[in-house]
Amino acid sequence: MGATTETFYSVIRRQGITRRSFHKFCSLTATSLGLGPLASARIANALETKPRTPVIWMHGLECTCCSESFIRSAHPLVKDVVLSMISLDYDDTIMAAAGQQAEEILEETRAKYKGQYILAVEGNPPLNEGGMFCIDGGKPFVEKLKVMAEDAMAIIAWGACASWGCVQAAKPNPTQATPIDKVITNKPIIKVPGCPPIAEVMTGVVTFITTFGKLPELDRQGRPKMFYSQRIHDKCYRRPHFDAGQFVEEWDDEAARKGYCLYKMGCKGPTTYNACSTVRWNGGVSFPIQSGHGCIGCSEDGFWDKGSFYDRLTTIKQFGIERNADQVGMVAAGTVGAAVAAHAAVTAVKRLATKRDDANAKQDH
Amino acid sequence: MMDAVARPAETETNLAAIAADAAGEYAVGRPTVYVYEAPVRICHWVNAFAIVVLMVTGYLIGTPLPTVEGEASGSFVMGYVRFAHFAAGQVLAVFFLARILWAFVGNHHSRQIFYIPVHRKQFWKEVLHEIRWYAFLEREPKMYVGHNPLAQTAMFTGFTLFVTFMIVTGFALYSEGEGIDSWQHKAFGWVFSIWPNSQDVHTWHHLGMWALVMFVMVHVYAAIREDIMSRQSIISSMISGERQFRE
């Protein structure tokens with residue numbers, strides 16, 4: 001670090017990558033981001049002239065699956081490209097420095113690149129007991145996060161933890177684990193949810209920000225539109241079976257073998273925004289539905305608290321019992337139906353009695 | 001606005017005006033009032049039909065029919081069920097909107113289901129009377145030209161509010177398929193700011209359906225019962241528009 005003028009291009013040239021390969025990378029990146037053909041030249045120009053963007057990568061309450069995913073990116077290759085493209089100044093999981101040395105880098109970056117560095121956060125801060133459930137460098141993580149967020153250009157919230165809260169925020173959330181956007185409110189935050197997010201989505205987002213110096217277009221939830229504007233369901237290769245009404249009814253039935261739609265097995269594809277059905281995983285090899293298992297909706301808010309991964313309808317726990325909306329509705333409608341029938345019966349009896357009274361009264365005259 | 005008709009005054013004059021037919025029999029003249037204008041009646045039946053279609057197809061979307069055999073290209077079962085649901089949903093939305101617009105130009109009965117006069121003491125007194133009537137504590141029902149106060153309260157919550165909720169959540173869910181740049185998403189995407197996970201919107205949409213099922217049951221029962229017990233036409237009024245009082 002310290003080489004403020006060093007560009008991405010100069011770094012990869014030094015590593016022996018040819019100019020031809022560099023341009024191939026630029027076109028590939030432009031394509032994967034869904035940008036037009038002119039964008040390739042813009043990316044090349046930016047990477048040749050702009051200084052590398054410093055990135056601080058912090059870890060709160062998390063499982064490091066985001067990092068594991070990130071380092072497996074195939075397009076662009078994280079080893080060759082992304083780590084050259086950005087200046088990853090601090091990442092306590094993979095950096096060589098430790099202890100005092102490591103903490104010094106934080107201070108240095110903060111002072112030197114005030115308002116220019118990107119803060120990438122994996123995991124989230126627990127707020128209970130003054131943040132004591134996650135101590136990082138002798139201080140509660142939430143304090144470290146707030147300090148580093150203060151001078152950041154933008155914040156990337158990696159994964160379901162940083163974006164929504166994920167498993168540590170699932171009910172009853174004893175540590176009060178809180179997503180980043182509920183703690184930091186005065187900085188642009190880009191959510192890249194998923195448990196973990198797709199490697200290519202992560203590197204794609206980093207590439208976009210470092211290339212254009214701004215956040216990509218975000219949707220209502222703060223997710224990049226280029227990867228999160230459609231549901232798994234919208235681009236699922238099993239969608240024709242859904243429309244035809246061909247469903248797997250139970251695991252290992254004939255329909256499962258034929259690769260029918262997993263809707264009835266609780267697939268969350270219709271309610272999950274992610275790029276799994278297009279970008280896929282492990283270098284485009286497969287994704288859960290292709291492997292015969294429904295989507296569990298890992299990039300959605302509170303996906304741990306919606307009941308079984310294998311139920312179509314969400315479990316409702318508000319009534320002290322675990323039922324889904326249709327079961328609750330049927331009981332309620334049944335009760336109303338019974339009440340209506342009872343009311344009608346009483347009405348009929350009453351009416352007969354009244355009529356008899358009236359008839360008796362007439363006879364008495 | 002309350003239209004409590006204790007005992008229509010023109011009954012006797014009506015009777016007197018009717019002449020005997022050839023057999024010497026008199027037709028019974030009954031006081032009638034024109035209540036539901038044509039647009040109100042059309043909206044009522046179109047919406048009723050749409051709601052029934054929506055309930056059946058909606059349930060089948062959540063709990064699909066058994067698997068169809070053969071090539072995927074050979075059938076379109078789920079596709080047709082969803083098409084029917086979306087089509088009926090749009091019909092309901094259009095006719096519900098038309099019904100709201102009619103409330104501005106129609107007679108005062110056409111406005112009744114869109115508000116509850118919460119500030120009027122008399123209204124709540126009459127609601128109480130209606131509750132007592134349904135609890136078999138009152139011997140004689142009151143007669144109203146339009147909805148009775150309890151019915152007005154039920155129509156406002158059970159129909160106007162619930163249907164609005166279903167249209168809003170319905171279009172929000174529909175916008176997921178139409179895409180983030182669709183007008184549906186621009187108009188109803190804010191629903192996902194309340195429930196970021198659309199799974200929750202689905203759950204509420206299901207619960208809303210069951211609330212409407214209950215409304216329909218009570219609505220149909222009350223209409224039939226009042227037709228018999230309150231000695232005034234209810235069901236035929238929604239066809240002819242006229243309310244007849246029998247005594």
Side-chain angles (χ1 to χ4, degrees), chain A residues 164 219-221 225 228-231 233-234 238-249 253-255 260-261 263-264 268 270-273 297 300-303 305-307 312-316 324-326 328-333 335-337 339-341 343-344 346-347 350-351 354, chain B residues 59-82 134-136 139 173 176-177 179-181 185 189-190 192-193 195-218 220-222 224-225 228-229:
Chain A
W164 302 119
D219 71 358
R220 190 180 292 276
Q221 325 281 7
K225 272 186 177 177
Y228 292 91
S229 62
Q230 280 188 316
R231 299 166 296 174
H233 191 59
D234 295 319
R238 296 194 185 196
R239 180 62 187 264
H241 292 299
F242 171 82
D243 289 329
Q246 299 180 317
F247 303 101
V248 175
E249 305 277 354
D253 67 359
E254 188 57 25
Y260 285 177
C261 176
Y263 186 80
K264 285 188 179 178
K268 301 295 183 291
T271 53
T272 303
Y273 288 81
E300 286 298 318
D301 180 31
F303 79 101
D305 290 322
K306 307 294 175 206
R312 176 94 281 284
L313 292 170
T314 307
T315 303
I316 299 173
N324 68 40
D326 283 358
V328 171
M330 275 180 204
V331 169
T335 312
V336 170
V340 164
H343 198 270
V346 175
T347 305
K350 271 267 200 188
R351 196 169 154 83
T354 319
Chain B
Y59 184 77
L60 290 179
I61 291 171
T63 313
L65 295 163
T67 288
V68 193
E69 296 298 321
E71 284 283 323
S73 57
S75 42
F76 197 56
V77 176
M78 199 65 174
Y80 287 131
V81 169
R82 291 173 75 242
Y134 278 104
F136 308 104
R139 212 181 148 83
L173 292 172
E176 298 199 286
I180 206 162
D181 298 316
H185 189 83
W190 54 268
F192 297 107
S193 297
W195 296 291
N197 188 343
S198 94
Q199 225 184 311
D200 294 330
V201 185
H202 278 90
T203 301
W204 281 104
H205 201 64
H206 275 256
L207 289 173
M209 189 269 277
W210 288 106
L212 273 176
V213 166
M214 288 180 254
F215 166 76
V216 168
M217 288 183 346
V218 173
V220 171
Y221 170 66
I224 296 171
R225 184 178 191 270
I228 301 166
M229 302 293 289

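Labels below follow one simple rule: chain letters A, B, ... track the order of the sequence lines, proteins then strands, and each chain is numbered from 1.
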Any donor-acceptor N or O pair under 3.5 Å, side chains A/Thr271, A/Arg231: no
Plane angle bin for A/Phe247 and A/Tyr263 - parallel if under 30°, tilted between 30 and 60°, otherwise perpendicular: tilted
Structural part of B/Thr63 lying under 4.5 Å from a heavy atom of chain A: side chain
Closest-packed option against chain A by number of heavy-atom pairs under 4.5 Å, given B/His206, B/Glu176, B/His202: B/Glu176
Under 4.5 Å from any heavy atom of chain B - which part of A/His343: both
Side chain, backbone, both or neither of A/Lys306 within contact of chain B (heavy atoms, under 4.5 Å): both
Any donor-acceptor N or O pair under 3.5 Å, side chains A/Tyr273, A/Gln221: no
Per-residue contact mode, A/Arg239 against chain B (heavy atom under 4.5 angstrom): side chain
Contacting region of A/Asp326 [heavy-atom separation from chain B under 4.5 Å]: both
Side-chain touch A/His233/A/Phe242, heavy atoms, less than 4.5 angstrom: yes
B/Tyr80 versus chain A, the contacting section by heavy-atom distance below 4.5 Å: neither
Part of B/His185 within contact of chain A (heavy atom distance under 4.5 Å): both
Top of A/Val248, A/Val346, A/Asn324, A/Thr335 for chain B proximity - count of heavy-atom pairs under 4.5 angstrom: A/Val346
Check: B/Ser193 side chain, B/Gly189 main-chain N or O, donor-acceptor pair, under 3.5 Å: no
Residue selection (most heavy-atom pairs with chain B, distance under 4.5 Å) from A/Asp234, A/Thr347, A/Leu313: A/Thr347
Chain A contact via B/Ile224 - which portion, at a heavy-atom distance below 4.5 Å: neither
A/Glu300-A/Thr272 side chain donor-acceptor pair, cut-off 3.5 Å: no
B/Trp204 portion near chain A, given a 4.5 angstrom heavy-atom threshold: neither
Region of B/Val68 that comes under 4.5 Å of a non-hydrogen atom in chain A: both
Pairwise side-chain contact, B/Phe215 with B/Trp210, heavy-atom cut-off 4.5 Å (strictly under): no
Heavy-atom contact with chain A under 4.5 Å, split by part of B/Ile61: both
